[in-house]
There are 2 protein chains.
Amino acid sequence: MAGTGTGVPGTRRRGGAGGRVGLTPERIVDGCLALLDEQGPEAFTFRRIGGYLGVDPTALYRHFRDKDELVLAVADRLLARALEDFTPTGDWRATLTDMLVRNRTVYLAHPEAAVLSVSRTTRRAAEMASVEITLGALADAGFPPEEAVRYYRVLVDFVLSWCGLEAAYLTLDQAARSGDEGAWSREYAGAPADRYPHIAAAAPYLPDVTEEGNFMLALELLLDSIELRATKLAAAAQAK
Amino acid sequence: MAGTGTGVPGTRRRGGAGGRVGLTPERIVDGCLALLDEQGPEAFTFRRIGGYLGVDPTALYRHFRDKDELVLAVADRLLARALEDFTPTGDWRATLTDMLVRNRTVYLAHPEAAVLSVSRTTRRAAEMASVEITLGALADAGFPPEEAVRYYRVLVDFVLSWCGLEAAYLTLDQAARSGDEGAWSREYAGAPADRYPHIAAAAPYLPDVTEEGNFMLALELLLDSIELRATKLAAAAQAK
DNA sequence: ACACTTTTGTCAACACCATTGACTTCGGCG
DNA sequence: CGCCGAAGTCAATGGTGTTGACAAAAGTGT
């Protein structure tokens, strides 16, 4: 049944497709992103998306089999957006940093989509491009493919998992967040100093740690080690 | 309200508490873990938990204000289990490694519970103990509190997020997993070598990366950098 | 031009979810 | 013994994703 008709294959809607085309996957995805920006993550609902697009909620099922597929579509749009105006430089470390930071930025801009998508692999164009860039940068650093693969996996799993956690955190509703974030420093500061001396000593500095700075520090630590190994590798090759 | 009565404070149920005590928070949490292990994460429902414990679902509200509080209790139970037979050694790096590996082991043993709990901060006994140990190890390494706090946050967020991703991956249903995991190496191996030369070169080595080895490498990279900074710090202190 | 097929949106309904309030039952304390 | 608060039950509410039967619209084949 699918693939019948006389239309040229590859065109937008081949031969015999009818219906009022007021709704497209693209428009739906755009609507989801706009809706998520305006209202919170709790607005990511078929009913509210439908209402936002002026359409019956179940009409979305004509374009996406279920909610998971819709989420993946939104996620893939985000990945593509992260690479939109990206140009790798000659510095492999700057290239890696730039790309990972871009990924984080785009994920955190739409946390609920990130939460559901970081654990999924799309294997589409945007993802392939990211992988190629990462592996290329590691090759520039001087690593042979079998070693570059290991660092690549560390870096990609690092950024995906980290963003997943941050995004999950942003997705918590108000009650849970106020219970969490605010109380961190407050409750830790109130810890009995005799039972938890190190916590008591460290508590005053806890609010100084920002999410952004925390991510950047972790990334810096990882890249420091990788760079160190690269220089050692180069030195060994030199010596031989 | 709380703390009234004539009973000895600290006893199980103080003075004037009545009712048939067939249900305790401990029993509920145990039931949740057992239920999550037997059936999937989709079993984490007041209705199904109640049915599993042979009790009305709404009875749980007598012990936990809402579902979120129940999740926190489960999360803290996992943390406590990770610390059960833990004894820090004199080597700060070995201590950190041991504890983080323990956390991962416990989380991956209960992936469904891990997914729900890694993004939450419990601020309860087990978590406090973990934090104290971590900060203590970093203090042993020679870091002042304001710097130890930063590395502590990196390490805890690293292990939580990483385990969250691994656990989320383990909990994917069959359809999504077969779509994901198998195709990784397979589809990347089939990538056109002219468009993705680095992927083509690295593809043969991709199956060599195990989840366990990947985690250990990431942890090693982080600790390498931290240790390096510790030695530099010690050298600077020596020179002065 | 007309019937036909396929798509697209609508409507009503189902099953499940967390959560609430009123009600019953129980147990220890005064 | 009577009381009062705690523990458990029951029914109901408003929300969710998802499904199936139906109606209208747009292109195609003849």
Side-chain angles (χ1 to χ4, degrees), chain A residues 1-9 11-28 31-32 35 39-72 74 112 116 171-176, chain B residues 1-8 11-28 31-32 35 39-72 74 116 173 175:
Chain A
M1 298 316 174
T4 64
T6 61
V8 181
T11 52
R12 194 48 192 293
R13 320 207 142 266
R14 37 164 205 76
R20 40 205 172 312
V21 230
L23 212 54
T24 67
E26 288 80 12
R27 192 178 321 219
I28 294 177
C32 288
L35 181 62
Q39 316 174 15
E42 73 279 0
F44 196 68
T45 279
F46 273 39
R47 284 174 161 82
R48 296 179 68 167
I49 295 171
Y52 187 76
L53 296 175
V55 113
D56 191 273
T58 61
L60 304 174
Y61 283 90
R62 301 293 175 190
H63 305 275
F64 299 96
R65 194 179 313 113
D66 53 12
K67 192 172 184 177
D68 194 65
E69 206 173 74
L70 176 56
V71 166
L72 283 184
V74 173
E112 52 296 320
L116 295 172
T171 324
L172 292 180
D173 52 10
Q174 212 59 26
Chain B
M1 309 298 191
T4 64
T6 62
V8 181
T11 52
R12 193 48 191 290
R13 324 208 137 267
R14 34 164 207 80
R20 43 209 170 306
V21 228
L23 212 54
T24 67
E26 290 79 12
R27 196 179 317 222
I28 294 177
C32 287
L35 183 61
Q39 315 174 17
E42 72 278 1
F44 197 69
T45 279
F46 274 39
R47 284 173 155 81
R48 297 179 68 169
I49 295 171
Y52 188 78
L53 296 175
V55 113
D56 191 273
T58 60
L60 303 174
Y61 282 90
R62 301 294 172 188
H63 304 273
F64 299 96
R65 194 180 315 110
D66 53 10
K67 191 173 185 178
D68 196 67
E69 208 174 73
L70 178 55
V71 168
L72 287 183
V74 172
L116 296 173
D173 52 13

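Residue numbers begin at 1 in each chain, while the letters A, B, ... track the order of the sequences.
Taking atom NE2 of A/H63 as the reference point, atom C1' of C/dT6 lies 14 Å away to the nearest angstrom. For the pair B/L60 CG and C/dT19 C1', the interatomic distance rounds to 12 Å; values are reported in whole Å. Atom P of nucleotide C/dT8 and atom CD1 of A/I28 are separated by 10 Å, given to the nearest angstrom. In this structure, A/K67 atom NZ and C/dC17 atom C1' are separated by 13 Å, rounded to whole Å. Between the CZ atom of B/R27 and the P atom of D/dG8 there is a distance of 10 Å, given to the nearest Å. The nearest whole Å value for the distance from the CD atom in A/E69 to the P atom in D/dG17 is 15 Å. Between the CG atom of B/D68 and the C1' atom of C/dT19 there is a distance of 14 Å, given to the nearest Å. Nucleotide C/dC17 holds its C1' atom 14 Å from the CD atom of B/E42, rounded to whole Å.
Judged by closest nucleotide on DNA chain D, B/A59 is the one of B/A59 and A/R47 placed further toward the 5' end.
Atom CZ of B/R65 and atom CG of B/L72 lie 10.5 Å apart (nearest 0.5 Å). Interatomic distance, NZ of B/K67 versus OG1 of B/T45, reported as 5.0 Å (0.5 Å rounding). Rounding to the nearest 0.5 Å places CG of B/L70 at 9.5 Å from CG of B/L116.
With sequence neighbours left out, the salt bridge (charged side-chain N to carboxylate O under 4.0 Å, His left out) criterion links B/E42 to no other residue. For A/F46, the ring-ring contact (aromatic ring centres under 6.0 Å, His included) partners at least two apart in sequence or on another chain are A/Y61.
No donor-acceptor distance shorter than 3.5 angstrom exists from the side chain of B/D68 to the backbone of B/V71, with no hydrogens or angles considered.
Within the 4.5 Å cutoff, side-chain heavy atoms of B/I28 are placed close to those of B/H63. A 4.5 Å side-chain heavy-atom check between B/F44 and B/L35 finds every atom pair outside the cut-off.
Near DNA chain D, defined here as any heavy-atom distance below 4.0 Å, there are no residues from residues 49-57 of chain A.
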Acceptor/donor pairs from residues 48-59 of chain A side chains to any protein atom, 3.5 angstrom cut, sequence neighbours excluded:
residue: A/R48; atom: NH2; partner: A/Q39; partner atom: OE1; Å: 2.6
residue: A/Y52; atom: OH; partner: A/E38; partner atom: OE2; Å: 2.7
residue: A/D56; atom: OD1; partner: A/T58; partner atom: N; Å: 3.0
residue: A/D56; atom: OD1; partner: A/T58; partner atom: OG1; Å: 2.6

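Nucleic acid contact class of A/F64 (heavy atoms, under 4.0 Å, all strands): none.
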Identify each atom pair where a protein N or O and an N or O of nucleotides 20-23 of chain C are less than 3.5 Å apart, giving names and distance.
none

